[in-house]
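Computed from a predicted structure; not experimentally measured. Whatever order the structure lists ligands and atoms in, that order sets their numbers, starting from 1. Counting from 1, the numbers follow the sequence of the chain as shown.
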Amino acid sequence: MNRRRRRAVTAAVLAAVVLAGCAPAVQNGATVSIAVVPAPASLQPAEGAPFRLESASVTGEADAVATLSALVAARSGIDLAADGEGPAIDLRIERGGAAESYRLTADEASVVVTGADAAGLFYGVQSLGQLVQPSGDGWIIPAVEIDDAPRFAYRGVMLDVARHFHSVDTVKGYIDRAAGLKLNALHLHLSDDQGWRIHLASRPELTELASSTAVGGDEGGFYTKDDYREIVEHAASRHMIVVPEIDMPGHTHAVGLAYPELVEEPVITDHIRETARDYGGELPVKGTPYDGMAVGFSSLKIHDEATYDFVADVFGELAGMTPGPYLHLGGDEALGTPEEDFALFVSRASTIIADLGKTPIAWHEAGSAADLADSTIGQYWGYVQPTDGMDEKARGFVRNGAQLILSPADAIYLDMKYPTGPELGLTWANGPTSVQRAYDWEPSDVVEGIEESDILGVEAPMWAETIRTAADIDTMAFPRIAAAAEAAWSPATGDSDLRTWESFRTRVGTLGPLWTSLGIGFHPSGEIPWVTE
Ligand code: TNX
């Protein structure tokens, strides 16, 4: 290659790096980084000098002002609320754009964020918080123009509070963290073999008799109705809905502690024996708390009407406590339930939920059942590769006229071990799972034969067999949760220069100091070039 050509190539590569990583750019002699996660629909560095935060003033919607002030104070120590005399930040709502969309412009003179609604403004403020950075002896926001809107309406995280119970404060902290990445649904896995975690007035025995234990003999717990309300309200203040899941007809050993007449004897297979051998714990015994990690041995009684009275009581009460549109009925790994009985059960349970005026969600296994309530959303937890027939079950929901939530286990199961780092986590889903694997997949390529419009969204589950504390949640979620958020929010891979692993790892690396300032104990994965200040 001759020298001129080499120089041209080098320039092109450099331009690509700046574009791809959005870092660094030079504005008025200062080096700035322009990195937002999840990648916005459109982001253009602007001409001119950056906006200086010292003595800036902020006006506009009170909630957004409070959110931004907290972010700026955490990151920089600057108190925006102290009525600055200098250039102005304005945060406002201008109706008319797409739901949850916003526009952000920053230059030397001003920063303006306009949301199409309160959620859009909140997301614009989150992007702005990510752009705050040190420069020389002060703090700046680089000159930039962002136009942004989500790809998918449903952008979720799931937290398993059944295998290990997690306090209201921990859940609220996870809501804050997820909302900061523009996620808008918190799915709470409220019951499993190891415990029942929500008090219901119609069935008080569930928490009286089935909530005190957890995996490994650890302490259990449950949410009172006030606790649940507090979680729902906190989520709403961060523009998130709560999706409660009561897992049925399997994963119901704990139900049998309160209502032995509703459950079958545990089905002990070789798989259950192997799990007990490999991970410890006793074999399940009906009527005795179970603290092991095996799945697929318990079942509700399918041919007893008392079971459906129970289902109606539980979902009826939850429907009244849950303002969001969804109730999740579980339906996964019901290996202790004969196939035809399973189909009958999920059909009846989904109909009970639909009759309550709510939209049922079920794990993908239920997609092979005839007579599911029409509106039932499917949640796919198979792999990106291979899909192994699980995609066919998922297509059942689409054939039924409903949509899918994608939670590919080999990519965005946040409870999978990292290749290096914390000892926490499981490996069954083709783990360990690197940050790159969490990132490198495209939602429209997972389940063949469906349209973009068949995808309601993306959700990253955190199962809690090995996850005991808020710090455990942080280290397993961060940074991989950001990869899930990008799959859920950002343009499809191929539709944006920012939607590459190289760009993502650079952008995520710039968030390290912000996350630290917010108290997020992320895993400092060696795959990411972390910025330190
Ligand atoms: C599978 S994937 C489960 C859970 C476990 C998890 C552990 C799915 C719908 N169910 O019961 O907790 O694996 O990673």
Side-chain angles (χ1 to χ4, degrees), residues 156-166 187-197 214-216 218 243 245-255 266 269 271-272 274-275 278-279 281 284 290-299 328-337 342 346 361-368 377-384 387-391 393-394 397 404-418 422 424-433 437-438 446 458-468 472-473 476-477 480 484:
V157 281
M158 187 212 81
L159 188 61
D160 170 10
V161 296
R163 271 53 175 273
H164 277 101
F165 182 66
H166 295 282
H187 166 184
L188 283 176
H189 185 76
L190 288 167
S191 68
D192 215 300
D193 294 313
Q194 295 85 351
W196 185 282
R197 308 300 182 202
V215 164
D218 288 331
V243 179
E245 176 188 357
I246 300 297
D247 203 348
M248 301 175 175
H251 295 272
T252 44
H253 184 84
V255 173
T269 59
H271 167 70
I272 306 293
E274 279 163 31
T275 309
D278 296 349
Y279 295 94
Y290 178 67
D291 67 4
M293 287 171 45
V295 295
F297 56 81
S298 54
S299 181
H328 200 308
L329 63 90
D332 58 319
E333 302 170 323
L335 310 175
T337 316
F342 175 77
V346 292
I361 304 181
W363 295 105
H364 69 232
E365 286 94 324
S368 48
I377 305 286
Q379 184 164 9
Y380 176 80
W381 61 273
Y383 292 176
V384 172
T387 47
D388 227 0
M390 303 205 186
D391 54 337
K393 293 183 179 169
F397 296 91
L404 293 176
I405 295 168
L406 300 174
S407 301
D410 56 344
I412 55 169
Y413 263 32
L414 301 177
D415 61 310
M416 288 298 123
K417 265 198 172 67
Y418 288 101
L424 297 170
L426 304 176
T427 53
W428 67 265
N430 198 16
T433 301
R437 177 126 60 79
V446 177
V458 171
E459 179 180 293
M462 169 91 72
W463 300 98
E465 286 91 339
T466 65
I467 310 299
R468 292 182 165 79
D472 293 349
I473 294 173
M476 295 306 275
R480 292 182 297 193

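One N or O on the side chain of His166 and one on the backbone of Ile467 form a donor-acceptor pair closer than 3.5 Å. Of the possible donor and acceptor atoms, one in the side chain of Ser368 sits under 3.5 Å from a partner among the backbone N and O of Glu365. With hydrogens and angles ignored, the 3.5 Å screen pairs no side-chain donor or acceptor of Arg197 with any backbone N or O of Leu188.
Gln379 pairs in a side-chain hydrogen bond (donor to acceptor under 3.5 Å, both in side chains) with only one of the listed residues (Glu459, Glu245, His364), which is Glu459. Of the listed residues (Asp415, Asp218, Asp160), just one forms a salt bridge (Lys or Arg N to Asp or Glu O under 4.0 Å) with Arg468, and that residue is Asp218. For the ring pair (Phe, Tyr, Trp, His ring centres under 6.0 Å) criterion with Phe297, the lone passing option out of His251, His271, His253 is His253.
Taking a heavy-atom cut-off of under 4.0 Å, ligand 1 is surrounded by Arg163, His251, Val295, Asp332, Glu333, Trp363, Trp381, Tyr413, Asp415, Met416, Leu426, Trp428, Trp463, Glu465.
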